[in-house]
Protein chains: 2
Amino acid sequence: MLKNAPSTEEKIKEAARKLFVEKGFGNATTRDIAECAETNVALVNYYFRSKENLFQAVFQESFAQTFLPIAGILNDDLPLEVKIYKFVDHITELLKRAPMLPIFILSEMRGEHAPMCRAMQQAGAMEPAAGFQRQLEEEAAKGNIRPVDARQVETNLMALVLFPFLSMNILKMKHQMGDEAFNNFVDERKKIVPETILAYLRSGLG
Amino acid sequence: MLKNAPSTEEKIKEAARKLFVEKGFGNATTRDIAECAETNVALVNYYFRSKENLFQAVFQESFAQTFLPIAGILNDDLPLEVKIYKFVDHITELLKRAPMLPIFILSEMRGEHAPMCRAMQQAGAMEPAAGFQRQLEEEAAKGNIRPVDARQVETNLMALVLFPFLSMNILKMKHQMGDEAFNNFVDERKKIVPETILAYLRSGLG
DNA sequence: GTCTATAACGGGATAGAC
DNA sequence: GTCTATCCCGTTATAGAC
């Protein structure tokens, strides 16, 4: 039986994922979630003790799903240029499948939600990318790139890859794009973003 | 009387601005807002007919406050390099004073909220920056920069400037920054971001 | 484990006195 | 314009039968 029918608990979590990510904690109701999972509110509270609890579970998974790959690739043992292309390509593909994850995570982290902080630290994605920083220092020492602040470069990479998804609705309206046009738009960025990052790193080098 | 005491209506709007921006529509209550404005719920509904209505007013102002300057500067009549530096500097300073505006706007635009769309179009900030596009085409024709898609360049500029504010809480945690350190971090970007954009535009030019 | 029914509460909105 | 009191609904959560 490779394709088990999902358990009730899993159906609830699945529905919660969908609705929390789509509408946020405050705008999604347990009734919505129960209905979407084709059960009732009582079962939601049977499996997860409260709405808050269910939300934590969903948020933590979403956070890990998004930020572990980011930290992972940055600390990979790959040549700088290869790594940057791989980063942009992989994260873009990940987000094409789950385009609302970034806005979900960032919007739920407004105001210092203490519970969120715990979720993040345990995910281990909160350390600055030490491997990436070392790599940038070594390349600068070899004269291959200019000396840079790794935090800023990391921020630039994340910004260029995540922002189109964060602002997806505005982008679609502004440029009259549908889903397909939007996907093409971010696919083009698989070339543009690495070129941008690398052009900066290599600029002003004799 | 240069410094009038704010009217009740203005105090309510002010409180709504603070709480909606901080917590979002679904997590802010009319009672919160009334208390924060030092009045009562009845007056909130007296001046604005409903919570939804009050929210629209706040959102529309916030949207204009953020996106009109962006469109404005991009279509300014300035040399390309000067314009880019001005853009980054001005938007950064604007956001240092209201750092949560971007995440507020983008998070409230998840799911195609019809009312939001109207708010945006009337703000006139939804046209692609035609002046900027023409300028990039002219510069490319002159051989000063490579030929580019203006939408992509505009996206890159916005991404690099807005993203640090969108991810402010994560950045602060990840790099142990307080308010002052964060401000220094974004100030450094006033140099880094234009250099990044310009390095890309000028790369691969014989 | 699953359901129906209901308790307990909070939120948006209004009536009506001042 | 401002306030108190209240209505009414939606929401979370639980009790209890099956």
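Each chain gets a letter, A, B and so on, in the order its sequence line appears, and its residues count up from 1.
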Flag, side chain of B:Lys96 to backbone of B:Val186, donor-acceptor distance under 3.5 Å: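 Checking the backbone N and O of B:Val186 against the side chain of B:Lys96, no donor-acceptor pair under 3.5 Å is found.
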Say whether, by atom type as modelled, one donor and one acceptor occur between the side chain of B:Asn27 and the main chain of B:Lys23 under 3.5 angstrom.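 Answer holds: yes.
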Give me each pair satisfying ring-ring contact (aromatic ring centres under 6.0 Å, His included) with a member in residues 156-186 of chain A, each pair once, sequence neighbours excluded.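 For residues 156-186 of chain A: A:Phe165-A:Phe182.
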Over all atoms of both residues, closest heavy-atom pair of A:Ala16 and A:Val58: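 So the minimum-distance heavy-atom pair works out to CB-CG2, 3.8 Å.
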When you check the gap from the basic side-chain N to the acidic O, do B:Glu154 and A:Lys174 get nearer than 4.0 Å?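 A salt bridge links B:Glu154 with A:Lys174.
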Enumerate the residues from residues 23-50 of chain B whose closest heavy atom to DNA chain D is under 4.0 Å, giving them by residue number; use none for an empty result.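 Under 4.0 Å from DNA chain D: B:Asn40, B:Ala42, B:Leu43, B:Tyr46, B:Tyr47.
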Verify salt bridge (Lys or Arg N to Asp or Glu O under 4.0 Å) between B:Lys83 and B:Asp77, making sure each step is shown before the conclusion. CA-CA 8 Å; B:Lys83 179 186 292 192; B:Asp77 193 14; over 6 Å; no
Cation-pi check for B:Tyr200 against B:Arg146: NZ or CZ below 6.0 Å from the six-membered ring centre and within 45 degrees of the axis, yes or no?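 Positive - B:Arg146 is close enough to the ring of B:Tyr200 and near enough to its axis.
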Walk along DNA chain C from 5' to 3' and tell me the first and last nucleotide with an atom closer than 4.0 Å to a non-hydrogen atom of chain A.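 So the outermost contacting nucleotides come out as C:dG1 to C:dT4.
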